[in-house]
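Structure, as structure tokens:
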Amino acid sequence: MTQRAILLLLFTFLQISFVKSQDIAILKYGGGGDWYANPTALPNLIRFCNQNINTTLNPKPLVVEAGDINIFQYPFIHMTGHGNVFFTTEEADNLRTYLMAGGFLHIDDNYGMEPYLKKELNKMFPDKELVELEADHPIFTAPYIFPKGLPKIHEHDGNRPQAFGIFHENRLLLLFTYESDLGDGWEDAEVHNDPKEIRIQALQMGANIISYVFKN
């Protein structure tokens, strides 16, 4: 079976899974980084989306490992952490196949993972580079409008927030949000004591990401 045929088969399986289920998952990865950071973040984002943009996501996100064949059951996978990230060759190949077959990965740097992540992304896509998304990209325009692009949720080093993507034939496969820390804004209010307006911005941007993925 050719690689194209395999991708077509996996794409079909992913689409069938998407129709049957609206589970989304957190990516568990190796290297010692805290992939489990922000435990209340994704459940809160799911609740916000179900209440405000008419999704019917299952309220409890699941966990999937980078090399697990079950990754193809999820149309959307979220990844976060503060430190080291490592994918084996087999895991990198599995993630690449998943993304090329129609899956989507959102990586939210919770502060400190960026230098490790870039090396691992090169394993997945040695022929592609991260491209910064302009403020007029559709992911920033619906259902909520962010005229300046990615919002700043936490200061950290005081750098501007940036959203990067990896594309294949004009399809966004992967979104990397950097110097924003959306996940902290999704967490329970008492975790970081962020102002309500900041938390709303974070949740609305998360809803834009979910909406974009499910419509594209």
Side-chain angles (χ1 to χ4, degrees), residues 24-46 61-68 71 74 76-96 98-99 103-126 128-133 137 139-140 149-167 172-188 191-192 194 198-199 201-203 205-206 208-210 212-213:
I24 62 178
I26 298 167
L27 185 68
K28 180 179 179 180
Y29 55 86
D34 54 341
W35 60 268
Y36 45 82
N38 295 353
T40 65
L42 214 52
N44 284 342
L45 177 61
I46 289 170
L62 303 178
V63 174
V64 65
E65 296 189 18
D68 193 336
I71 200 170
Y74 310 107
F76 177 93
I77 295 175
H78 176 73
M79 175 181 176
T80 192
H82 293 84
N84 193 27
V85 176
F86 178 78
F87 298 135
T88 66
T89 299
E90 292 75 17
E91 289 170 339
D93 288 346
N94 193 51
L95 286 167
R96 177 187 173 94
Y98 161 76
L99 295 172
F104 188 91
L105 174 62
H106 172 223
I107 307 168
D108 188 45
D109 190 340
N110 206 353
Y111 190 58
M113 73 186 303
E114 182 261 350
Y116 308 102
L117 175 69
K118 285 188 173 179
K119 177 171 58 71
E120 300 310 296
L121 291 182
N122 192 54
K123 286 183 185 177
M124 293 165 57
F125 293 104
K128 298 182 184 295
E129 295 183 356
L130 287 168
V131 177
E132 185 167 3
L133 275 59
H137 188 276
I139 209 165
F140 300 123
L150 189 67
K152 185 77 169 178
I153 305 305
H154 275 190
E155 285 300 324
H156 295 312
D157 293 329
N159 297 326
R160 70 181 180 90
Q162 293 177 276
F164 298 95
I166 289 179
F167 292 83
L172 182 63
L173 309 179
L174 175 155
L175 176 69
F176 173 44
T177 46
Y178 175 63
E179 281 291 333
S180 173
D181 212 339
L182 292 172
D184 277 6
W186 300 343
E187 286 231 82
D188 288 349
V191 176
H192 300 287
D194 289 322
I198 293 295
R199 294 189 67 246
Q201 279 189 16
L203 289 164
M205 185 65 238
N208 275 23
I209 296 169
I210 293 287
Y212 180 86
V213 171

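Bear in mind the structure is a predicted one, so any value in this text is a computation, not a measurement.
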### Query
Parallel, tilted or perpendicular for His154 and His192, by the 30°/60° rule?
perpendicular

### Task
Please work out whether the ring planes of Phe76 and Phe104 are parallel, tilted or perpendicular, with thresholds of 30° and 60°.
parallel

Min side-chain heavy-atom separation [X]-[Y] under 4.5 Å:
X: Trp35; Y: Ile26; answer: yes
X: Leu121; Y: Ile107; answer: yes
X: Met205; Y: Trp186; answer: no
X: His106; Y: Leu182; answer: yes
X: Ser180; Y: Gln201; answer: no
X: Asn110; Y: Asp181; answer: yes
X: Ile166; Y: Leu105; answer: no
X: Ile77; Y: Val64; answer: yes

### Task
Would you confirm whether Asn84, through its side chain, and Gly32, through its main-chain N or O, come within 3.5 Å as a donor-acceptor pair?
no

### Message
Treating Asp34 as the side-chain partner and Gly81 as the backbone partner, does any N or O pair qualify as donor plus acceptor under 3.5 Å?
### Response
no

Grab the two heavy atoms, one from [X] and one from [Y], that are nearest each other, plus how far apart they are.
X: Ala92; Y: Lys123; answer: CB-CB, 3.9 Å
X: Pro61; Y: Pro43; answer: CD-CG, 3.8 Å
X: Glu91; Y: Gly67; answer: CG-N, 3.6 Å
X: Gly31; Y: Phe86; answer: CA-CB, 3.8 Å
X: Ala163; Y: Leu150; answer: N-CD2, 4.0 Å
X: Asn44; Y: Arg199; answer: ND2-NH2, 4.3 Å

Nearest 0.5 Å, please: how far is [atom2] in [Y] from [atom1] in [X]?
X: Met79; Y: Leu174; atom1: CE; atom2: CG; result: 9.0 Å
X: Asp93; Y: Thr88; atom1: CG; atom2: OG1; result: 8.0 Å
X: Asp109; Y: Thr80; atom1: CG; atom2: OG1; result: 7.5 Å
X: Ile198; Y: Leu203; atom1: CD1; atom2: CG; result: 11.5 Å
X: Ile153; Y: Asp108; atom1: CD1; atom2: CG; result: 9.5 Å
X: Ile71; Y: Leu95; atom1: CD1; atom2: CG; result: 4.5 Å

### Stepwise side chain to side chain contact (heavy atoms under 4.5 Å, CB included) test for Ile46 and Ile210
CA-CA 9 Å; Ile46 289 170; Ile210 293 287; over 6 Å; no

### Task
State plainly whether the residues Glu179 and Lys152 are in salt-bridge range, i.e. N to O under 4.0 Å.
yes

#### Entry: Listed partners of Tyr178 passing ring pair (Phe, Tyr, Trp, His ring centres under 6.0 Å), at least two apart
Phe176

### Message
Under a 3.5 Å cutoff, is there a donor and acceptor pairing between the side chains of Asn94 and Asp68?
### Response
no

#### Entry: Trace of the side chain to side chain contact (heavy atoms under 4.5 Å, CB included) decision for Asp157 with Tyr111
CA-CA 9 Å; Asp157 293 329; Tyr111 190 58; 2.8 Å; yes

### Task
Might you work through the side chain to side chain contact (heavy atoms under 4.5 Å, CB included) test for His78 and Ile24, ending with a clear yes or no?
CA-CA 8 Å; His78 176 73; Ile24 62 178; over 6 Å; no

### Task
Check the surroundings of atom NZ in Lys28: do more than 12 heavy atoms from other residues, nucleotides or ligands lie under 6.0 Å from it?
no

### Residue Glu129 excluded, over 12 heavy atoms near CD under 6.0 Å
no

### Task
Go through Lys128 and Phe167 one step at a time and tell me if the side chain to side chain contact (heavy atoms under 4.5 Å, CB included) criterion holds.
CA-CA 8 Å; Lys128 298 182 184 295; Phe167 292 83; over 6 Å; no

